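One is the number of the first residue; the rest follow in order along the sequence. For ligands, and for the atoms within them, numbers begin at 1 and follow the listed sequence. Keep in mind it's a predicted model, so treat the numbers as computed, not measured.
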Amino acid sequence: MEFSTLVKTYLELEKTQSRLEMSAIIADFLKTTPSENLPDIINFLMGSAFAPWSERELGVANKLMIKSLSKTTGVAEGRIDGMVRDLGDTGKVAEKICADASQTTLFTETLTVEKVKESLNKMSDLGGKGSQDKKMAYISEMLSSAGPVETRYVVKLILGELRLGVGEGVIKDAIVSAFGVSKELVENACNLTSDLGEVAATARKNGDFGLKEVGLKPGIPMKVMLAQKISGIDEAVEKLGRCAFEIKYDGMRIQIHKSKEEIKLFTRRLENVTKQFPELVKEAGKNINADSAIVEGELVAIEDNRKPRPFQDLSRRIKRKYDIEDMVESVPIEINLFDLVFLNGESLLECGFSKRHEKLKGVINETGTFRIAEEVVTDDCVIAQKFYDGALAMGHEGVMVKNLDAPYKPGSRVGYMYKIKPVMETLDLVITGATWGEGRRANWFGSFLISARDEVGGFCTIGRLGTGFTDEVLAEITETLKPLVLEEAGKEVVLKPGVVVEVAYEEIQKSPSYTSGYALRFPRLVRIRDDKGAEDADTVARVEQIASA
Ligand code: AMP
């Protein structure tokens, strides 16, 4: 397929913000896309060179792109750099300079989707000395067979700057309408396998019948089952009777996929983090006694005495792409396994939790750092409460409660698994800045910079609040805040501290991003405290106290 055909679709997509129109444009395009191109086309439409769960990475930053452009067109790097700074869009700069250059030199042959894919794969295979030069050579090769408009999109694709707003939902709707299949079955298939290309190809080839056959596949992540909230132990026992209470570890949910000797690790957001945790790969390889399996667990960064470390330490490990062995030493981890959904070629999704758990115990060799989550199975509230109190005393977040008979429903929050954690103390914080909303909410502020008081009557930022507002509340708060605007730059405004909001959150973390030195994780509005003024807001000292409790 010619790359220019894809570019035509990119150009159409750029003209609209409407999800409906986007999926209609994509549906038309998918109908004419050859099946073998579907996986790449779907990734490219979503603005990514590879599927999110792929281990592949391009590792091309703006600087290398500018060098490559210079090499391809003969235009000096400094000049391109200046143009990028002026236009703020490397793709458009590439188009401009290639339009000039193409009159004299470029354009050797037609660029195809296959050629782009092949070059991207080769680039991601490179590593070590000389790899930057080789990457430049691949980029040059692609650009010299691309017309100016295609150049813009090749560059954006490589840099990950396409931002067309095409998400998984748009693609799923497009598959439904392109191939006339059931929305529910497409949804279900995408929950079982994140391979949207495969889902699209199946929908085209075998319709609803084929989609029903889509199942879990070791090596390709599934969407995980989510938990609902429940008020406490009593409600859990009342609802579920005898059930499993497990420690709720505070870390990152990981799916371990074993297929023959190969181990892959995925996060809840389907990112492939296999490279980042070589010690876990080793442990899983040795201690999952199965030919193939999909196991779930919570990965936690720990101190020597197994005390959980703050979540940021784990984030550091996820983000680290080099010198990984140093991180293995400096931030040790353990995994607490809690489910098994696939074993030796068979899906266990339809089995009840107790059966899956029994099988989990049967296939895992536990070690100090490769463990099965601690649990107690009971219908006795006293025993469960003791377990919960013990979990909190050990520094864990709370407990998870599991319905013993319930199957596993990928991608759903169906009430087969609940979480119990202590209710967080809320904070009263002052709004000191805001950002204008977008689309339907363009006339209201959309998110708010929130701050705590310091010792000397000033205010220190602690987070951005954008959750928990109804349209009415947004309209109301915008009217209240408008007279307090001190400065406005683009969509950002600085506000005189005057409005206090009560904010709930998941956790307080240390953070250099805000002037208080702390950040609220998942802050959400509880209510506007009309009864409080800025001088009544909580202080940074109070934040510190809660954070260290
Ligand atoms: P939340 O993120 O607050 O909705 O809580 C659910 C999350 O708790 C899950 O997605 C897991 O990442 C995590 N978790 C920790 N321990 C367990 C456990 N024993 N069973 C299931 N999930 C757990």
For atom 1 (P) of ligand 1, find the nearest protein heavy atom and state the residue, atom name and distance (0.1 Å precision).
K419 NZ, 3.3 Å

Check against side chain to side chain donor-acceptor pair (under 3.5 Å), T378 and D380:
CA-CA 5 Å; T378 184; D380 183 330; 5.2 Å; no

Take Q228 and R413, measure what side chain to side chain contact (heavy atoms under 4.5 Å, CB included) needs, and give me the verdict at the end.
CA-CA 6 Å; Q228 290 185 353; R413 201 185 285 281; 3.8 Å; yes

Can you find an N/O atom of E506 closer than 3.5 Å to an N/O atom of ligand 1?
no

Minimum-distance protein heavy atom relative to atom 9 (C) of ligand 1:
R253 NH1, 3.6 Å

Is it true that the side chains of S292 and S259 contain a donor and an acceptor less than 3.5 Å apart?
no

Do any nitrogen or oxygen atoms of K402 lie less than 3.5 angstrom from nitrogen or oxygen atoms of ligand 1?
yes

Among non-hydrogen protein atoms, atom 17 (C) of ligand 1 lies closest to M400 CG, 3.5 Å

Is the number of heavy atoms from other residues, nucleotides or ligands within 6.0 Å of NZ (K172) greater than 12?
yes

Looking only at protein heavy atoms, what sits closest to atom 8 (O) of ligand 1 is K248 NZ, 3.2 Å

Between Y418, Y249, F522, F338, flag the one that comes closest to atom 15 (C) of ligand 1 by a heavy atom.
Y249

Measure from the side-chain N and O atoms of K258 to the backbone N and O of A290, and report whether any donor-acceptor pair falls under 3.5 Å.
yes

For atom 2 (O) of ligand 1, which protein heavy atom lies nearest, and how many Å away is it?
R268 NH1, 3.6 Å

Output, in order, the C-alpha distance, side-chain angles, deciding distance and verdict of side chain to side chain contact (heavy atoms under 4.5 Å, CB included) for L349 and L192.
CA-CA 10 Å; L349 294 174; L192 290 162; 3.4 Å; yes

Which residue and heavy atom of the protein sit nearest atom 11 (C) of ligand 1, plus the separation
E298 OE1, 3.0 Å

With heavy-atom distances below 4.0 Å as the criterion, list the atoms of ligand 1 near I247.
16 (N), 17 (C), 18 (C), 19 (N)

Could you tell me whether K421 approaches ligand 1 through its side chain, its backbone, both or neither, with non-hydrogen atoms closer than 4.0 Å?
side chain

Look at the side chain of T515 and the backbone N and O of T461, then say whether any donor-acceptor pair between them is shorter than 3.5 Å.
yes

Check whether the side chains of S124 and E57 place a donor and an acceptor atom closer than 3.5 Å, and report yes or no.
no

